[in-house]
Amino acid sequence: MQGKSRTSITMKDVASRAGVSVGTVSRVINNEKGIKKVTLKKVQEAIEELNYIPDNYARGLKTNKSSNIALIIPTIWHPFFSELAYYVEKELLKNQYKLFICNADGDVKNEIEYIQMLEKNKVDGIIAVTYSDVDKYVSSSLPFVSFDRHFSENVSYVTSENYKGGQMAAEELLNRGAKQLAYIGSTNIHENETKQRELGFCEKLMSMGHSVLKLDMSEPLVEPEKQIEKFLLEHSTIDGIFAINDFMAIKVMKVMEKFGKKAPQDYQIIGFDGLRNAADQTYLLSTIAQPLDKIAQASVKLLLQLISKEKAVLSRVLLPVYFAEGGTTKKIQKSLDKK
């Protein structure tokens, strides 16, 4: 086999070296059952000796399966989506799938182009984080799972307990002594699950007899810092804030710094998502954290069920959230019983 490069080695060469048929080599590569141990060993040794690399694309054409999954995210720069991509890839590798990351850069046109391109290139399925109206561009034959967005009954989706997370934020701020509470967030023209965070927060406070101030900006955001600054100047007594996500909370904190205020001494703030710079580091701020590893596991499991069509598939998977202390909220003072 001298003179042949790694890429020019064929299945026929492997079959010749192992003394078996090309069909047997194909069965070994595709992990099919019913192959004798002796035959399996011969083929595996031949593959190793020749340093044979299977042509996955060609195999995909024959089997109508690419073993590739696409993940469409709004931006790779956001640590939340980067961490989600990490866990999705980790979960896919366990199931012998490869990941394509499609960075839409917040542009619906890019999302649509990616979906059309992926359908033509025969990926086996798509996991998408999109707040745009793209479901009409997804063919019924392509398995598709959405995160944090419910398009229709025809599209399965995974989401966190956004409403409960809003309730948690209200309870945590009240338990830590906040008196004048506010919600700062934004609304997309396309309905999505993140709106439930605001509803949970506001409805929990109102049910407990507390008033709540709101700044609900329209997306796409235009000069959000200026809008936040105007809102906070008009309501200078605010001492407890729940932001729709951690990035919004960071914007609020920067505005507060202009006023000479720092958390948690002068006010308290809770975000949503659970952002960290690395897995072994603390949270950027106090937050309602989403379980990204479990979100990835659920999304991949749901998508693989859609691909295999082996069993009934849930159209909605709801995952729990939890409060994570990040230094922008005060410690709860526990009273000691006098003896």
Side-chain angles (χ1 to χ4, degrees), residues 1-73 76 81-103 114-128 139 141-145 279 292-311 313:
M1 217 60 64
Q2 282 186 329
K4 277 199 173 187
S5 66
R6 291 175 63 185
T7 53
S8 64
I9 300 295
T10 66
M11 205 180 292
K12 188 175 180 181
D13 296 325
V14 175
S16 178
R17 174 66 66 93
V20 299
S21 68
V22 173
T24 298
V25 176
S26 177
R27 290 178 63 203
V28 171
I29 292 170
N30 289 306
N31 297 314
E32 293 183 21
K33 296 179 180 179
I35 302 171
K36 293 181 180 179
K37 290 184 178 180
V38 176
T39 304
L40 181 62
K41 186 179 179 182
K42 284 181 180 179
V43 175
Q44 289 173 337
E45 287 176 350
I47 289 172
E48 188 175 344
E49 289 169 6
L50 296 174
N51 205 10
Y52 171 65
I53 301 174
D55 187 342
N56 290 327
Y57 178 72
R59 286 166 60 197
L61 291 176
K62 291 180 180 179
T63 62
N64 201 29
K65 181 180 178 183
S66 69
S67 295
N68 294 319
I69 298 297
L71 173 66
I72 300 176
I73 54 177
I76 199 68
F81 300 125
S82 298
E83 189 175 348
L84 176 64
Y86 166 79
Y87 283 116
V88 168
E89 182 175 40
K90 187 176 180 181
E91 198 63 25
L92 286 173
L93 287 173
K94 292 179 187 177
N95 292 277
Q96 289 79 51
Y97 276 86
K98 296 292 191 301
L99 176 67
F100 286 159
I101 297 178
C102 303
N103 179 28
Y114 272 133
I115 291 170
Q116 292 173 337
M117 179 194 77
L118 294 168
E119 285 189 321
K120 290 177 183 176
N121 288 340
K122 303 272 186 193
V123 294
D124 294 338
I126 296 174
I127 297 172
S139 70
S141 61
L142 182 65
F144 185 96
V145 171
L292 280 173
D293 55 342
K294 291 182 174 59
I295 289 169
Q297 290 167 10
S299 299
V300 170
K301 181 179 180 181
L302 193 53
L303 188 66
L304 295 184
Q305 287 177 348
L306 288 168
I307 291 170
S308 66
K309 299 177 183 177
E310 291 179 356
K311 48 187 171 182
V313 179

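For reference, positions follow the sequence shown, starting with 1. Keep in mind that what you see is a predicted model, and the values were worked out from it rather than measured. When reading the values below, keep in mind they use all heavy atoms of this one structure, side chains included, and skip hydrogens, waters and symmetry mates.
Heavy atoms only, all atoms of each residue included: Ala296 and Val88 are closest at CB-N, 3.5 Å. Closest approach of Ser82 to Ile76, counting heavy atoms only: OG-O, 2.7 Å. Nearest heavy-atom pair, Val20 versus Thr39, reported as atom, atom and distance to 0.1 Å: CG1-CG2, 4.0 Å.
Each side-chain hydrogen bond (donor to acceptor under 3.5 Å, both in side chains) pair with one or both residues in residues 41-50, not counting sequence neighbours, appears once here: Arg17-Glu49. Note on residues 81-90: no pairs pass salt bridge (charged side-chain N to carboxylate O under 4.0 Å, His left out), not counting sequence neighbours.
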Name the atoms and distances for all side-chain donor-acceptor pairs under 3.5 Å in residues 21-28, with sequence neighbours left out.
unit_1 : atom_1 : unit_2 : atom_2 : d
Ser21  : OG     : Thr24  : N      : 3.2
Ser21  : OG     : Thr24  : OG1    : 3.0
Ser26  : OG     : Asn30  : ND2    : 3.3
Arg27  : NH2    : Lys33  : O      : 3.0

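In terms of the salt bridge (Lys or Arg N to Asp or Glu O under 4.0 Å) criterion, residue partners of Lys94 (sequence neighbours excluded) are, by chain and number, Glu91. Partners of Tyr87 according to the ring pair (Phe, Tyr, Trp, His ring centres under 6.0 Å) rule, which considers only residues two or more places apart in sequence or in another chain, do not exist here.
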Residue pair Val43, Ile35: steps toward the side-chain contact (heavy atoms from CB on, under 4.5 Å) verdict: CA-CA 11 Å; Val43 175; Ile35 302 171; over 6 Å; no
Check against side-chain hydrogen bond (donor to acceptor under 3.5 Å, both in side chains), Asp13 and Ser16: CA-CA 5 Å; Asp13 296 325; Ser16 178; over 6 Å; no
side-chain contact (heavy atoms from CB on, under 4.5 Å) assessment of Tyr97 paired with Val300: CA-CA 10 Å; Tyr97 276 86; Val300 170; over 6 Å; no
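Val123 is not listed as a side-chain neighbour of Ile69, based on a closest heavy-atom distance of 4.5 Å or more. Within the 4.5 Å cutoff, the side chain of Asn51 has no heavy atoms near those of the Ile9 side chain.
Residue Asn68 holds its CG atom at 12.0 Å from CD1 of Ile126, rounded to the nearest 0.5 Å.
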